[in-house]
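Input: a single structure, listed below in structure tokens.
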Amino acid sequence: MLWDGRFSKDLNKKVVDFTNSIEIDKILYKYDIQGSLVHVKSMNKIGVINDEELKKINDALIKVLEEFEKNKFKFLEDDEDIHMAIERRLTELIGEVGKKLHTGRSRNDQVNLDVRMFVKDIIKHVEKKLDILIESLVNIAEKNKNIVMPGYTHLQQAQPVLFSHYILAYANKFLRNKKNFENACISADIYPLGAGALAGTPYNIDRLEAANFLGFSKISENSMDVISDRDFILDFLYASTSFAINCSRLAEDFIIYSSQEFGFFEMDDAYTTGSSIMPQKKNPDIMELIRGKSQRIIGSFNAFANLMKGLPMTYNRDMQDDKFYLLQVTKILEEFLEILPDALASTKFKADVMKNALDKGFLYATAIVDYLVKQNIPFREAHKITGNVVRFCIENKKTFTDLTLEAYKKFSPVFEDDIFSIFDANKIINEQLIHGSTSLKSIEKQILNLRKIVR
Ligand code: ARG
């Protein structure tokens with residue numbers, strides 16, 4: 001053990017196993033080595049490590065990195081975590097000099113640095129993939145720009161909308177998620193080395209320069225704050241949670257809109273699965289798994305928030321579990337981002353079925369209200385009259401277009417022949433002229449703006 005000086009006995013084997021985190025934190029090897037390379041450079045600059053020692057440590061660290069990259073690094077039972085494993089190997093390679101690496105550093109600021117670098121890298125990757133996802137939604141919107149569909153509230157038909165407007169709603173959600181990830185990146189972008197175990201270090205290293213080498217734009221202002229800080233992980237897990245919720249809702253839409261009852265969407269054969277017993281089935285399993293797995297992300301956020309909330313200042317071993325949640329969430333994010341763009345793009349969006357559903361419903365009710373308001377009927381009154389028309393239609397199993405003008409006049413004398421011209425989804429949609437509405441003009445603007453942003 002690297003710290004066994006104070007101890008008179010060897011560590012109990014069960015304790016070794018229980019405290020060990022190597023299975024998870026080995027993913028940090030690259031960051032740990034990069035951090036160490038910069039740390040020795042800092043120590044060399046202030047004369048704590050001489051040039052010869054610097055070269056030895058550098059060369060050995062590079063060799064260890066190669067061993068990892070070639071899958072040749074051999075872990076020993078005693079390697080409690082990645083930091084100790086690398087230092088142990090370094091000392092095996094270059095002897096006493098290797099023991100100098102940890103001068104002016106604690107595993108507390110070391111692991112802090114590694115995890116920050118890991119999170120920053122993941123976020124950069126996720127952002128790129130999010131762009132691809134958003135772009136695929138924009139492409140779908142553009143390709144199916146003119147399809148009309150019922151828009152829902154309470155899962156009840158509400159107003160006609162363009163399908164493209166619906167799908168771009170998700171592009172906006174994912175764009176917001178991208179901002180959440182950017183935010184998490186800002187939280188992670190604080191260089192912790194120099195904070196030591198918690199109090200700082202007597203070695204006056206150039207922290208700003210070191211931070212710069214590793215792509216950090218800020219250094220920590222308070223060693224106790226940074227050592228105890230895992231807010232950046234919470235920010236990352238929150239960004240992931242928000243994204244997962246949006247993915248899950250999108251998945252739910254695809255599941256329900258692909259059902260026989262709706263029949264609006266048909267997912268591609270390559271992205272659906274069959275049933276072992278019912279030959280007619282075409283199941284949207286991937287969407288169900290997205291809906292299902294998103295709870296693991298939400299659960300991780302919840303679990304990690306709970307893990308942190310009772311911890312006294314500053315570092316506590318409980319925090320070691322941060323990597324468990326990071327890893328679990330990162331894996332699922334990767335899966336979602338990998339599968340979604342193509343699954344969405346290959347889906348057939350059935351214009352005729354969506355249009356049909358719209359004509360059969362009472363989605364033109366709001367348009368009737370607007371028609372009456374234009375004839376100077378107060379809104380509340382117009383709402384009531386239209387409600388009466390709807391009730392009459394339901395009771396008599398009719399649609400708005402089935403009624404004659406005389407029938408309409410029974411509800412209000414202001415109805416004229418032009419009432420029939422409003423039962424036109426495209427017309428109603430294009431009358432929604434305000435910024436951000438469902439009109440075709442608005443869609444075109446949205447597409448243009450989104451394209452500028454994701455490129
Ligand atoms: N494996 C530990 C972690 O991930 C490294 C830091 C250990 N520090 C300590 N003081 N025991 O949190």
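Just the heavy atoms: all of them, side chains too, but no hydrogens, waters or symmetry mates, feed the values below. Numbering of ligands and ligand atoms starts at 1, following listing order.
Other residues, nucleotides and ligands place more than 12 heavy atoms under 6.0 Å from the NZ atom of Lys218.
A salt bridge links Glu80 with Arg107: at least one charged nitrogen is closer than 4.0 Å to a carboxylate oxygen. Glu67 has a carboxylate O that lies under 4.0 Å from a charged side-chain N of Lys63, or vice versa, which qualifies the two as a salt bridge. Looking at Glu444 and Lys441, no side-chain N of the basic residue comes within less than 4.0 Å of a carboxylate O on the acidic one, giving no salt bridge.
Between Phe264 and Tyr152, the angle of the ring planes lies from 30° to 60°, which puts this pair in the tilted group.
At a heavy-atom distance under 4.0 Å, only side-chain atoms of Asn108, from C-beta outward, approach ligand 1. Neither the backbone nor the side chain of Glu80 comes within contact range of ligand 1; no heavy atom lies under 4.0 Å.
Between the side chain of Asp81 and the backbone N or O of Ser21 there is no donor-acceptor pair closer than 3.5 Å.
Of all protein heavy atoms, the one lying nearest to atom 11 (N) of ligand 1 is Arg107 NH2, 3.6 Å. Nearest to atom 4 (O) of ligand 1 among the protein's heavy atoms is Lys323 NZ, 2.6 Å. The protein non-hydrogen atom at the shortest distance from atom 5 (C) of ligand 1 is Asp81 OD2, 3.4 Å. Here the protein heavy atom with the shortest distance to atom 7 (C) of ligand 1 is Tyr315 OH, 3.5 Å.
Interface of Ser21 with ligand 1, defined as ligand atoms under 4.0 Å from a residue heavy atom, comprises 1 (N).
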